[in-house]
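Here is the structure we will look at, set down as structure tokens.
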Amino acid sequence: MSILETERRRDEELSPERLLHDDPKPAAGKVAVFQYLSVAVFVFLISGFWKLQVQNPDVYSEAAERNRIKSTPLLAPRGKILDRDGRVIVDNKASYSLLLNRDQIKWEHLPAIADAMHLDYDELARKIRRMGSSPQIIIKDQLTRDEIAFVESHRDSSSYPEMDLIRAWRRQYPQDGFAAHVVGYVGEISESELDSPAFIDYRQGDLIGKDGLEREYDTRLRGIDGQERVLVDNMGRERQMETQKEAVPGKDLQTTLDLDLQAVAELAMEGKRGAVVALNPQNGEVLAMVSRPAFDPNKFTGRISRSDWTEIAEDKYKPLLNRAIQAQLAPGSTFKPIMAIAGLESGVIDDKTEFHCSGGASFYGHYFACHLKQGHGAISVHRAIAQSCDVFFYNVGNRLGIDRIAHYADLAGIGRKTGIDLPNETQGTMPSTKWKLRMSRQKWYAGETISVAIGQGAVTVSPLQIVSALGGLGVGGEWYKPHLVRTDKPVLLRKANFNPDNWQDVLSGMCAVVNEGGTGRAAQLPGITICGKTGTAQVAATERTKGAKLKSDLANNAWFVAFGPKENPEIAVVALFENGQESYNAVPIVRDILKAYFDKKARMLHPEVTQAQPAIARMLLSIPVMGDLQAAGLRGLSR
Amino acid sequence: MFGRTFRDQDWPLLIVALVLCILGVLQIYSATVATKWQDAWWKQIVWILSGLVMMWIVSNMDYHVLMNRIVYLYGACVLALIATLVIGNKVFGSTRWIGVGGLKLQTSEFVKIILILLLAKLLTDWKLDTLEWRDLGKLAAVVAIPMALVMKEPDLGTSLTYIPILICSVLMAGLRWKYLLILSGILLVTLPIGYHFLKPYQKDRLVSFIYPDRDPKGTGFQVIQSKIAVGNGGMWGRGAKESSQTHLGFLPVPHTDFIFSSFAEEHGFVGVVIALVLYFLLIMQVVQNAQTATDRAGLYICMAVAALLLFHVLVNVGMVVGRMPVTGIPLPLMSSGGSNTWSVFLMLGLVNSVRLRRFVN
């Protein structure tokens, strides 16, 4: 480039036109505006990060945690329920449950899920609305193969990521209502229970004992659920185990029940309505307890269907009622031993006192009949118990007056709860002047005492109460708290200091009931002295007026209470056969159980006999064994 | 000659850019460990190194020379865009890439440079003090052609990046503030009204029409996940490779469009401020070169580059914190990807070229 050319270019560049149009300086202000704008942009961006990262990072770290950690409960199996020998009555079976993860629930998925799971959509929706803060909810237990397949296939394809399968434990109860009332059943915790502070540890969807031992010992039986926390990626694929808190299984519950005796009792009650209780009067251990009609707890386990529930709940014979502890019925003549001891102890009669029975007697202007129309003639306490003479006890009752009767009856536990470890025990009624004042603000009429004296009128008991009362009488006036779960120390509730002669008089009377041609002679056992008392109780008058339609529902209730051996009673049994007409219909039930008990005892005491001599063994082994029971239609007993 | 250019290089600009590149490579590495993109980090290094070579070449070219040939370049660029539409590689339902000897290049990225130079050329040739509507119309038409072609791909995000180039250039060239006010007034009024008239499902459809691949799990999923990732970082961050959002795949494309989200999760607010300050310094350095440019062409070029970078940072980082819609434009220098890296280095080369020519004449 020559100097000249350079000069010319410089001239050009410095020409006013060039300066005007190519000088960047006029744009300086706009450049400054751009700089301010840049500052504003960066402040805007940084404030965005400030808000997310510094002001509320917890919100987002929790969200990230929820994103990456999937926690599923590891359900703890409930404790098993065992009999006194450790045999399993209630077990658990592994099954699968469907769980929904709250964070991923999409309402538009629910109809399809409800449909595939055979659930009612509205019920499901209501449940999910109520789930509150719990991260998951179990919506269906015991999935069938089809349902599992549905979950698996739709989870893998990620179309319903809210679904999760978890291993659950299905409660397995004996079939056909075997011991159903004793063990009870579990069910999903109800909404009202959830709202109550007593169930603060429970969450929506939890299973809880609803009745029987399941309910009474729920806290012992239920374990502590564990939790599995798994790292998942954005597709819900499990990457690695984060932490795992093992479930703590519930503790097994060893009951005092004897499965063999229970089986016999169940069998003996087959086709009847009523209840059986067998207990050891020396410590209160309940050996068998049956109530009929029964229900199948397996239908209740987990989430019962509405139709099953209404069918059971609306049955007129109330299969859910545990008659052994909840029936409140007139004890009838089974009340007489209590009358006898009351009469003897208070001195209104002695063992020689005789009353004349001509088939009835008049008191306070009313005629009261004896069950034996031709009358018992002159009769004393021993024969009065054995023959169950009503007139004798009318007189005793008349001499005692209601409050002295109530005193001794109360001692035996009539009119008060026994305190057995089952829910909803009823206390029955033992009337007295005070009771009547309290209940109806009316005076007690002496005439009312006469009915009470033979276990009718206002007095009502549960089978457990009467067997506990007479069993305690049988062991000399000691009443132990009945219980179903083994304890080291039996609880002595009350102790009476009876004159031994008086007590022996009553005992020998009860012995005569069975062994001297009395009303309970069918309960005789070879080699063992059984004592007992029958009862034929009229169905309460109120029931009649309530309009029970069937004549058979108004038939008398048959009772039999027995214990043995007389010298040292170790088992007391009651059978209530509702509408069983005559007391002798209840006697064989008790006899079966007593025989089974003593046969088993003999077999335990002499195992060498049973092994060495099959013929003798067969005699001794007259109780039905499991195979026989199953043949008799009592399945699902035990493994 | 070489000695002087070496000494006069814009070293602060280069150093800031390289630090950002290093942060980017580290973040790409961290975000893609054990994924199908795990070789993205070294590919990115290759892109950066080759980009540096391009930057050096462009730095040593006179930008006037480039401007004088810009009409041909513009024509070639329009042809390339058409070719992309015709023979390009279809990925995720949009045709943005064209194969060049084994490389896949996103043609729309290079259009930015052409437009920057073309606008500078036109505005300096016209030698106007103020622009009239007529002039604006011509410039808009010039930009609209490639823009329409890119939108057709469809790639709304990249096509939108041409607008700041246009706006910045015309502002610098003397657009009257009155015009600007009128234009932005019209824009402000029509955009919300137009959007308001759409039904909700149409809005959703619009979004998913433009980005059918980007919204597989419901509207806003990516933004939610990005915000969770950012928030999860907290003040100090979760640490490299410790970020759950990034590594468990909750964060979409954590090495490209959402790299800053991943960066924020791992390095926290402190890391974010450092990175954003670097970007600010980068842009200010470009602006400084504009201020020292000897002629208007240099000014236009530098300011257009600055505006483009600012726009990229604003939209990308704004998207990461949920303050901007998801448009899918990369974060310059940090996001993994060859075309954008090259295009940014080419632009920085132009800026450097302007700087190196301030003593010439």
Side-chain angles (χ1 to χ4, degrees), chain A residues 6 9-10 12-14 17-35 37-69 106 158 161 231-237 239-240, chain B residues 124 126-129 168 171-174 217 224-225 227-235 237-238 243-245 247-252 264-265 268-269 272-273 276-277 279-280 283-284 287 290-300 303 306-307 310 313-314 317-318 320-323 361:
Chain A
T6 316
R9 267 195 69 174
R10 185 148 297 158
E12 239 176 49
E13 278 168 6
L14 292 176
E17 192 199 30
R18 166 84 197 208
L19 278 175
L20 195 63
H21 293 294
D22 209 18
D23 183 9
K25 290 291 174 290
K30 288 165 184 168
V31 172
V33 169
F34 179 85
Q35 285 170 317
L37 182 72
S38 303
V39 172
V41 164
F42 279 89
V43 168
F44 169 73
L45 292 177
I46 287 179
S47 75
F49 285 94
W50 174 265
K51 208 176 142 208
L52 293 179
Q53 296 188 296
V54 184
Q55 280 189 321
N56 39 14
D58 292 347
V59 176
Y60 294 99
S61 54
E62 276 163 25
E65 177 88 355
R66 272 205 304 279
N67 259 348
R68 69 190 178 95
I69 300 291
K106 286 216 166 63
S158 295
L231 198 66
V232 292
D233 67 10
N234 63 332
M235 301 301 284
R237 284 183 296 242
R239 285 288 185 84
Q240 72 185 72
Chain B
T124 43
W126 291 348
K127 297 189 175 160
L128 299 165
D129 282 329
C168 186
L171 268 179
M172 292 301 149
K217 278 191 173 181
I224 292 164
Q225 293 301 337
K227 283 171 83 173
I228 291 173
V230 170
N232 192 32
M235 180 61 93
R238 294 273 149 185
S243 52
S244 64
Q245 284 289 100
H247 287 109
L248 294 171
F250 292 102
L251 198 61
E265 186 181 19
F269 185 68
V272 164
V273 169
L276 287 180
V277 164
Y279 276 109
F280 182 74
I283 293 168
M284 286 307 113
V287 170
Q291 287 169 323
T292 56
T294 41
D295 58 3
R296 288 202 162 191
L299 172 89
Y300 296 151
M303 286 311 292
L310 184 68
V313 172
L314 169 68
V317 178
V320 158
V321 286
R323 293 191 164 192
N361 306 323

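Within every chain, numbering begins at 1; the chains are lettered A, B, ... in the order of the sequence lines, protein sequences first and strands thereafter.
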Fill in: Engaged part of A/V39 at the chain B interface, taking heavy atoms whose separation is under 4.5 Å
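Both backbone and side chain.
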With only heavy atoms counted, which part of [X] is less than 4.5 Å from chain A, the side chain, the backbone, both or neither?
X	result
B/A307	both
B/L314	both
B/V272	side chain

Worksheet item: Do the non-hydrogen side-chain atoms of B/F280 and A/V41 ever get within less than 4.5 Å of each other?
Response: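 Side chain of B/F280 against side chain of A/V41, heavy atoms only: no contact under 4.5 Å found.
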Worksheet item: For B/V277, which residues count as a side-chain contact (heavy atoms from CB on, under 4.5 Å) partner, sequence neighbours excluded?
Response: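 Result, side-chain contact (heavy atoms from CB on, under 4.5 Å) vs B/V277: B/V273, B/L281.
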Fill in: B/Q291 CD to A/F34 CZ distance, which is reported to the nearest 0.5 Å
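Going from CD on B/Q291 over to CZ on A/F34, the span is 11.0 Å.
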Pairs of donor and acceptor atoms involving the side chains of residues 42-49 of chain A, under 3.5 Å and at least two apart or interchain, shall be tabulated with distances.
residue	atom	partner	partner atom	Å
A/S47	OG	A/V43	O	3.4
A/S47	OG	A/F44	O	2.8
A/S47	OG	B/R323	NH1	2.8

Discussion item. Please check this pair: side chain of A/Q35 against backbone of B/M284, looking for a donor-acceptor N/O pair closer than 3.5 Å.
Written reply: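 Between the backbone of B/M284 and the side chain of A/Q35 there is no qualifying donor-acceptor contact (under 3.5 Å).
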Worksheet entry | Between B/G298, B/G322, B/A306, B/G318, the one whose heavy-atom pairs under 4.5 Å with chain A are most numerous |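 Of B/G298, B/G322, B/A306, B/G318, B/A306 has the most heavy-atom pairs under 4.5 Å with chain A.
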Worksheet item: Which pair of heavy atoms, one from B/M303 and one from A/V31, lies closest together, and at what distance?
Response: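 Distance-wise, the nearest heavy atoms are SD-CG2, 4.1 Å.
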